[in-house]
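By convention in this document, chain letters (A, B, ...) are assigned in the order of the sequence lines, proteins followed by strands, and residues within each chain are numbered from 1. These numbers come from the heavy atoms of this one structure, side chains and all, not from hydrogens, waters or symmetry mates.
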Amino acid sequence: MGAVIPLQRQIIDYTTSLYNEAILDGQFTQLQQLQDESNPDFVVEVVSLFFQDSQRLLNDLTATLNQKIVDFKRVDAHVHQLKGSSSSIGAQRVQRACIIFRNYCDQQNTEGCLKCLQQVKNEYFLVKNKLETLFKLEQQLVAAGGSIHVQ
Amino acid sequence: MGMATTKSEFHVLAVDDSIIDRKLIERLLKTASYQVTTVDSGSKALEFLGFCEDVESNSNEPSTSPNNQQEVEVNLIITDYCMPEMTGYDLLKKIKESSSFRDIPVVIMSSENVPSRISRCLEEGAEEFFLKPVRLADVNKLKPHMMKTKNRDCQKAEEEVSSNEKIASLEIKSSEQTQAEDGNNNKRKATEAEEELSQDRTRRRYNGLTVI
């Protein structure tokens, strides 16, 4: 039980840093509030779906933007989906990068779109990394006999 | 006991092509104690309702056509706007143009705040327009819309029930909320019998009735 309190502190500090760096927004808190005893893994489940879905969309966007003739309608539809799902889990910086991406898509600017794709990927891998670290800390907390709760 | 009764009071059909958003809306609605069914497209929503296109397109067909009755009671439909093939707006139109289904309240969700889109949906008969991501505070606004139709349905049913119908043994029948459709006649009688006693109980007992 000795590890519980330092781990709790570490989780609080880590989560706070994610909000301060605008990696996450209040929507992530909403997700946490929907997690309860009857759905103890809700946040991890939704975020895992987000990872799977985003990876699929990013792969498709990479392929589509590297075609000789770019199908901008397809690009826009995919960025729209990514924007929606990132906003649903509170991945604020991914969402913002998607908004800029769509502007270049409207202009049919391939070079701009490729830059935006890179930016979206950077933001996506950043939030993925951070959330995975957060979940690991939470697992350690549960293993040490603590419980996850939203402060 | 009380909890279980409240849980099954209203059945919401949620439509969204995004698996993440389906998961989220399902959790939100369940947290608000609604029964939830989720589907990933407008056509699957219509299929779930038992909506039959051929019958609907024929305007001469009476609304009580046996091919187009609502098979499962749905008290509200909440749908995403932006979906491939059939949009949320298309789904809304189909529901509101249908004599069998138009009484089901429809709520539209969208990640984009486009005023013309919002007013178009409201003009077409949507009860609410929620901006995504949907929050618990939004979901809590759904109940009044469902109560409205429930009350209307109750009145309708009362008119339909003939005065000489027996109302015996309804206590047992009507208390089983999730009972299959063959119990509906009894529930209808239960509604009539109980309405004088308790408005709230009436509504609950009415749950599960197929709206024709």
Please say whether more than 12 non-hydrogen atoms of neighbouring residues, nucleotides or ligands are located less than 6.0 Å from CG in L114(A).
->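 For L114(A), atom CG is crowded (more than 12 foreign heavy atoms under 6.0 Å).
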For F42(A), does the CZ atom have more than 12 heavy-atom neighbours from other residues, nucleotides or ligands under 6.0 Å away?
->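 More than 12 heavy atoms, drawn from other residues, nucleotides or ligands, come within 6.0 Å of this atom.
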Name the region of F50(A), side chain, backbone, both or neither, that has any atom closer than 4.5 Å to a heavy atom of chain B.
->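 Contact with chain B: backbone and side chain both.
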Which side chain or backbone donor-acceptor pairs connect chain A with chain B at less than 3.5 Å?
{"residue": "L34(A)", "atom": "O", "partner": "R27(B)", "partner atom": "NE", "Å": "3.2"}
{"residue": "E45(A)", "atom": "OE1", "partner": "K23(B)", "partner atom": "NZ", "Å": "2.8"}
{"residue": "H80(A)", "atom": "ND1", "partner": "E112(B)", "partner atom": "OE1", "Å": "3.4"}
{"residue": "S88(A)", "atom": "OG", "partner": "D21(B)", "partner atom": "OD1", "Å": "2.4"}
{"residue": "R102(A)", "atom": "NH1", "partner": "E112(B)", "partner atom": "OE2", "Å": "3.3"}

What's the spacing between L24(B) CG and L31(A) CG if we round to 0.5 Å?
->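 It comes to 6.0 Å.
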Partners of N129(A) by side-chain contact (heavy atoms from CB on, under 4.5 Å), sequence neighbours excluded?
->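 With sequence neighbours excluded, N129(A) shows a side-chain contact (heavy atoms from CB on, under 4.5 Å) to T133(A), given in chain and number order.
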